[in-house]
Amino acid sequence: MAKYIFVTGGVVSSLGKGIISASIGKLLQARGYKITIQKFDPYINIDPGTLNPYEHGECYVTVDGMETDLDLGHYERFTGIQTTRANSMTTGRIYKAVIDKERRGDYLGKTIQVVPHITNEIKENIKDLGETGKYDFVITEIGGTIGDIESAPFLEAIRQLKWELGRDAISVHLTYVPYLKAADELKTKPTQHSVKEMLSYGIQPDILILRTEKHLDDNMRMKVAGFCNVDLECVIQSEDLPSIYEVPVNMQRQGLDSAILRKMGIPVGETPQLGPWLHFLELRKTATEKVRIGLVGKYDLQDAYKSISESLSHAATYHHRKIEITFINSEFLTKENIKAELSTQDGLVICPGFGQRGTEGKILAVEYARTNNVPCFGICLGMQMMVIEFARDVLGYSDANSSEMVPDTPHNVIDMMENQKSISNMGGTMRLGAYACKLEEGSRVASIYDSPTISERHRHRYEFNSKYLNEYEAKGMKCTGRNPESDLVEIVEVPELKWFIGTQFHPEYQSTVLHPHPLFLSFIEAAIG
């Protein structure tokens with residue numbers, strides 16, 4: 001029977017519950033256990049697919065086409081697991097499932113209430129993964145902060161499960177210990193209040209993780225343990241570290257995985273070695289030279305392109321380089337400032353996105369990269385900007401555009417997919433998830449992947465308009481990746497340039513710490529060269 005670990009957060013948001021959940025998964029994997037991690041978000045949206053990145057950061061996509069919270073990216077990058085729609089749940093999906101059952105008459109005339117119907121639905125979704133027989137541990141992260149009104153049903157479900165499962169379920173609570181500079185003191189009162197709030201829901205945390213900017217001595221840990229009814233060995237501190245990838249090592253050093261196993265009555269055994277992980281960290285520490293990459297996009301927010309940034313970081317590390325990423329706001333790029341903005345970069349990533357804002361700046365950045373032979377990587381909309389720029393400046397169609405930006409453009413080199421034209425709802429209706437791609441023999445991408453076929457994840461409605469394909473190929477832009485079923489163009493490249501590749505898919509979703517994505521490795525290599 002699978003065992004369950006519930007991760008909650010208190011005091012403030014953005015403490016790093018996702019990193020802690022991923023770290024717990026990594027440490028249990030190192031001990032030989034099979035794990036999976038799921039995220040329960042209390043917001044009422046069905047998924048984050050229609051959310052502005054300024055609201056919620058990037059939208060991550062699973063292999064089976066579920067738009068999810070960015071924390072699932074952390075889960076995959078840390079542990080190497082592949083998540084699915086079962087690993088992501090929102091209040092919106094929970095309520096929709098219950099309402100659909102009520103409409104079908106599944107409840108046989110019962111009055112539908114938060115308890116037991118909503119809480120039962122939450123419990124079923126938590127236990128579904130555990131009941132597959134595939135996992136020893138199911139780690140469930142609850143989004144938001146204790147005390148949020150929308151979190152109450154999730155906490156009640158956890159309380160019930162802890163009661164029902166006994167030692168097979170534990171609670172890990174992450175809180176904040178603020179440092180008051182004027183008093184030169186760390187304060188534990190917010191943690192005490194957060195645990196008191198948990199107790200008001202009927203949940204006694206088994207393990208406390210204290211997020212802190214300053215080191216906590218044993219006296220302070222003992223104080224927290226005493227006030228919060230937690231064993232001293234189960235009070236773990238999570239200090240600020242140079243990299244999120246050092247968190248699992250720090251957690252292991254303090255015995256977090258051992259404490260979890262002891263709480264669940266499982267023999268602890270010897271502490272496993274994190275050999276490949278430590279090798280990755282050593283490469284990061286010893287790298288001295290930098291590689292400078294410009295992210296050309298419209299969202300001036302680090303979480304908006306989180307998976308791309310981490311994928312670049314992975315690749316740079318394995319090339320013994322420190323990554324220096326500069327965000328370049330495409331909305332403010334002009335012909336007058338383009339050289340000043342881009343000339344210091346070793347390579348450019350033309351970022352994905354939706355809508356017209358900032359697209360002309362991206363096209364200028366593509367033109368700069370192509371005419372100056374700067375390594376350039378276009379992802380999703382970024383690839384489409386490469387196609388539009390080539391049509392305007394090489395094929396001679398000065399009015400070329402995407403029908404997303406200009407619906408009546410006479411040269412719609414990017415057009416809406418045929419099966420998308422009859423869709424009216426925005427949420428969850430794009431081309432989503434993993435699709436096969438056949439690579440052209442002898443192409444650069446075929447040599448990079450070292451495979452004739454690949455599978456990559458998508459999130460788009462628009463595509464390369466194949467009626468222009470022969471013109472592109474004749475002028476030097478090759479369509480070197482095609483979907484074997486629909487024949488959609490997935491990859492374009494200009495072989496004569498140093499590195500000029502665009503992908504309709506999102507390769508960043510499949511880059512992990514121990515297995516960096518080959519396209520990012522090749523791109524960074526070209527940027528270094």
Side-chain angles (χ1 to χ4, degrees), residues 7-9 12-26 36-43 45-93 139-145 174 211 243-245 247-248 295 297-314 325 327 349 351-354 379-381 427-428 430 432-434 456-460 505-513 517 520:
V7 180
T8 55
V12 294
S13 59
S14 302
L15 290 179
K17 294 190 301 296
I19 302 299
I20 291 298
S21 299
S23 298
I24 291 171
K26 182 67 191 174
T36 191
I37 315 176
Q38 58 183 176
K39 175 75 179 286
F40 279 62
D41 271 307
Y43 54 72
N45 303 65
I46 296 293
D47 57 52
T50 57
L51 286 175
N52 188 320
Y54 287 118
E55 291 274 334
H56 206 72
E58 78 167 3
C59 177
Y60 193 77
V61 178
T62 62
V63 286
D64 61 345
M66 186 69 194
E67 293 172 298
T68 73
D69 181 75
L70 61 80
D71 276 324
L72 272 76
H74 292 312
Y75 304 162
E76 292 201 10
R77 285 188 287 273
F78 274 59
T79 65
I81 64 172
Q82 283 198 333
T83 54
T84 66
R85 62 184 58 248
N87 295 82
S88 177
M89 193 60 60
T90 67
T91 291
R93 280 181 69 194
I139 301 162
T140 303
E141 177 193 345
I142 306 297
T145 308
L174 178 62
R211 189 76 175 84
S243 161
I244 59 172
Y245 301 117
V247 174
L295 285 191
K298 67 176 181 178
Y299 298 116
D300 192 357
L301 177 79
Q302 64 173 358
D303 280 352
Y305 307 111
K306 190 65 175 176
S307 291
I308 293 175
S309 299
E310 295 306 316
S311 299
L312 291 167
S313 176
H314 302 159
I325 295 175
F327 174 75
V349 174
C351 292
F354 296 90
I379 298 174
C380 199
L381 183 69
M430 285 182 279
L432 293 166
E456 294 280 5
R457 302 182 205 179
H458 291 250
R459 185 175 182 247
H460 65 100
F505 51 78
H506 290 258
E508 70 272 19
Y509 292 151
Q510 298 199 145
S511 184
T512 70
V513 171
H517 196 284
F520 284 94

Asker: Checking the side chain of Tyr43 only, and the main-chain atoms of Gly143 only, is there a donor and an acceptor separated by less than 3.5 Å?
Answerer: no

Asker: Counting C-beta onward and ignoring hydrogens, is there a side-chain heavy-atom pair between Leu70 and Asp303 closer than 4.5 Å?
Answerer: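 In contact.
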
Asker: Given the side-chain rings of Tyr245 and Phe78, with only the six-membered ring counted for Trp, is the space between their centroids under 6.0 Å?
Answerer: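 Yes: the rings meet the under 6.0 Å criterion.
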
Asker: Taking side chain to side chain contact (heavy atoms under 4.5 Å, CB included) as the definition, give me every residue that meets it alongside Glu55, ordered by chain and number, with sequence neighbours left out.
Answerer: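 Partners of Glu55 by the side chain to side chain contact (heavy atoms under 4.5 Å, CB included) criterion, ordered by chain and then number, come out as Asn52.
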
Asker: Is there a donor-acceptor pair under 3.5 Å between the side chain of Glu141 and the backbone N or O of Ile37?
Answerer: no

Asker: Strictly distance-based, threshold 3.5 Å: is any side-chain N or O of Asp64 a donor or acceptor partner for the main-chain N or O of Gly433?
Answerer: no

Asker: Determine the minimum heavy-atom distance between Ser309 and Leu295, stating which atoms define it.
Answerer: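 For Ser309 and Leu295, the tightest heavy-atom pair comes out as OG-CD1, 3.8 Å.
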
Asker: Could you tell me the separation between the OG1 atom of Thr84 and the CG atom of Leu72, rounded to the nearest 0.5 Å?
Answerer: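 With rounding to 0.5 Å, OG1 (Thr84) is 9.0 Å from CG (Leu72).
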
Asker: Looking at CD1 of Ile325 and OG of Ser313, how far apart are the two atoms once the value is rounded to the nearest 0.5 Å?
Answerer: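 Rounded to the nearest 0.5 Å, the CD1-OG separation comes to 7.0 Å.
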
Asker: How many angstroms lie between atom SG of Cys380 and atom CZ of Arg459, to the nearest 0.5 angstrom?
Answerer: 8.5 Å

Asker: Nearest 0.5 Å, please: how far is CD1 in Ile142 from OG1 in Thr140?
Answerer: 6.5 Å

Asker: Are the side chains of Phe354 and Leu381 in contact, using a 4.5 Å heavy-atom criterion?
Answerer: no

Asker: Listed by chain and number, what are the ring pair (Phe, Tyr, Trp, His ring centres under 6.0 Å) partners of Phe40, not counting sequence neighbours?
Answerer: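 Listed in chain order: Phe154.
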
Asker: Output, in order, the C-alpha distance, side-chain angles, deciding distance and verdict of side chain to side chain contact (heavy atoms under 4.5 Å, CB included) for Ser88 and Asp47.
Answerer: CA-CA 9 Å; Ser88 177; Asp47 57 52; over 6 Å; no

Asker: The test is side chain to side chain contact (heavy atoms under 4.5 Å, CB included); show your working for Thr83 and Glu76 and say whether it passes.
Answerer: CA-CA 7 Å; Thr83 54; Glu76 292 201 10; 2.6 Å; yes

Asker: Is it true that a side-chain atom of Arg211 and a backbone atom of Leu15 form a donor plus acceptor pair closer than 3.5 Å?
Answerer: yes

Asker: Measure the spacing between OG1 of Thr90 and CD of Glu67 and express it to the nearest 0.5 Å.
Answerer: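 Spacing of OG1 (Thr90) from CD (Glu67) equals 12.0 Å.
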
Asker: Specify whether Tyr509 and Tyr60 have parallel, tilted or perpendicular ring planes, treating 30° as the upper limit for parallel and 60° as the lower limit for perpendicular.
Answerer: perpendicular

Asker: Of the non-hydrogen atoms in Thr79 and Ala22, which two are nearest, and what is the gap between them?
Answerer: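 Heavy-atom minimum between the residues: CG2-O, 3.8 Å.
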
Asker: Does Gln82 reach the main-chain N or O of Val63 with its side chain, forming a donor-acceptor pair under 3.5 Å?
Answerer: no

Asker: As an exercise, state the distance from CG of Leu432 to CZ of Arg85, rounded to the nearest 0.5 Å.
Answerer: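 Taking CG in Leu432 and CZ in Arg85, the distance rounds to 8.5 Å.
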
Asker: Hey, does Val12 have a side-chain heavy atom less than 4.5 Å from the side chain of Thr145?
Answerer: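 No, their side chains stay 4.5 Å or more apart.
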
Asker: Looking at Lys17 and Gly144, what are the two nearest heavy atoms and their distance?
Answerer: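 The answer is NZ-O, 3.2 Å.
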
Asker: If only side-chain N and O atoms count, and only distance matters, is there a donor-acceptor pair under 3.5 Å linking Ser511 with His314?
Answerer: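 Looking only at side-chain atoms, Ser511 and His314 do form a donor-acceptor pair, the distance falling under 3.5 Å.
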
Asker: Any donor and acceptor pair, going by atom type alone, linking the side chain of Thr62 with main-chain N or O of Met66 inside 3.5 Å?
Answerer: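 Flag set: sc Thr62 to bb Met66 pair under 3.5 Å.
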
Asker: Which pair of non-hydrogen atoms, one from Pro507 and one from His517, has the smallest distance, and what is that distance?
Answerer: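 Smallest heavy-atom distance, with atoms named: O-CD2, 3.2 Å.
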
Asker: Could you go through Val61 and His506, starting from their C-alpha distance and side-chain angles, then the distance that decides it, and tell me whether this counts as side chain to side chain contact (heavy atoms under 4.5 Å, CB included)?
Answerer: CA-CA 9 Å; Val61 178; His506 290 258; over 6 Å; no

Asker: Let me see the working for Phe520 and Leu312 under side chain to side chain contact (heavy atoms under 4.5 Å, CB included), right down to the final yes or no.
Answerer: CA-CA 6 Å; Phe520 284 94; Leu312 291 167; 3.7 Å; yes

Asker: Just so I know, are the side chains of Thr8 and Leu174 near enough to count as touching, which here means a heavy-atom distance under 4.5 Å?
Answerer: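 No, every pair of side-chain atoms sits at 4.5 Å or beyond.
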
Asker: Just by modelled atom types, is the Ser21 backbone N or O under 3.5 Å from a matching donor or acceptor in the Lys26 side chain?
Answerer: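 Checking the backbone N and O of Ser21 against the side chain of Lys26, no donor-acceptor pair under 3.5 Å is found.
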
Asker: Measure across Gln510 and Glu456 and return the closest heavy-atom pair with its distance rounded to 0.1 Å.
Answerer: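 Scanning both residues completely, I find the closest heavy atoms to be NE2-OE1, 3.2 Å.
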
Asker: Less than 4.0 Å between a side-chain N and a carboxylate O, is that true for Glu310 and Arg77?
Answerer: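 So Arg77 does not pair with Glu310 through a salt bridge.
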
Asker: Output yes when a side-chain donor or acceptor of Arg457 lies under 3.5 Å from a complementary backbone atom of Glu508, and no otherwise.
Answerer: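 Here the side-chain-to-backbone pair does not exist.
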
Asker: Check ring pair (Phe, Tyr, Trp, His ring centres under 6.0 Å) between His74 and all other residues, then give those that pass, not counting sequence neighbours.
Answerer: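 Once residues adjacent in sequence are excluded, His74 has no partner under the ring pair (Phe, Tyr, Trp, His ring centres under 6.0 Å) criterion.
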
Asker: For Tyr75 and Gln38, which heavy atoms make the closest approach, and how far apart are they?
Answerer: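 Closest heavy-atom pair between Tyr75 and Gln38: OH-O, 3.9 Å.
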
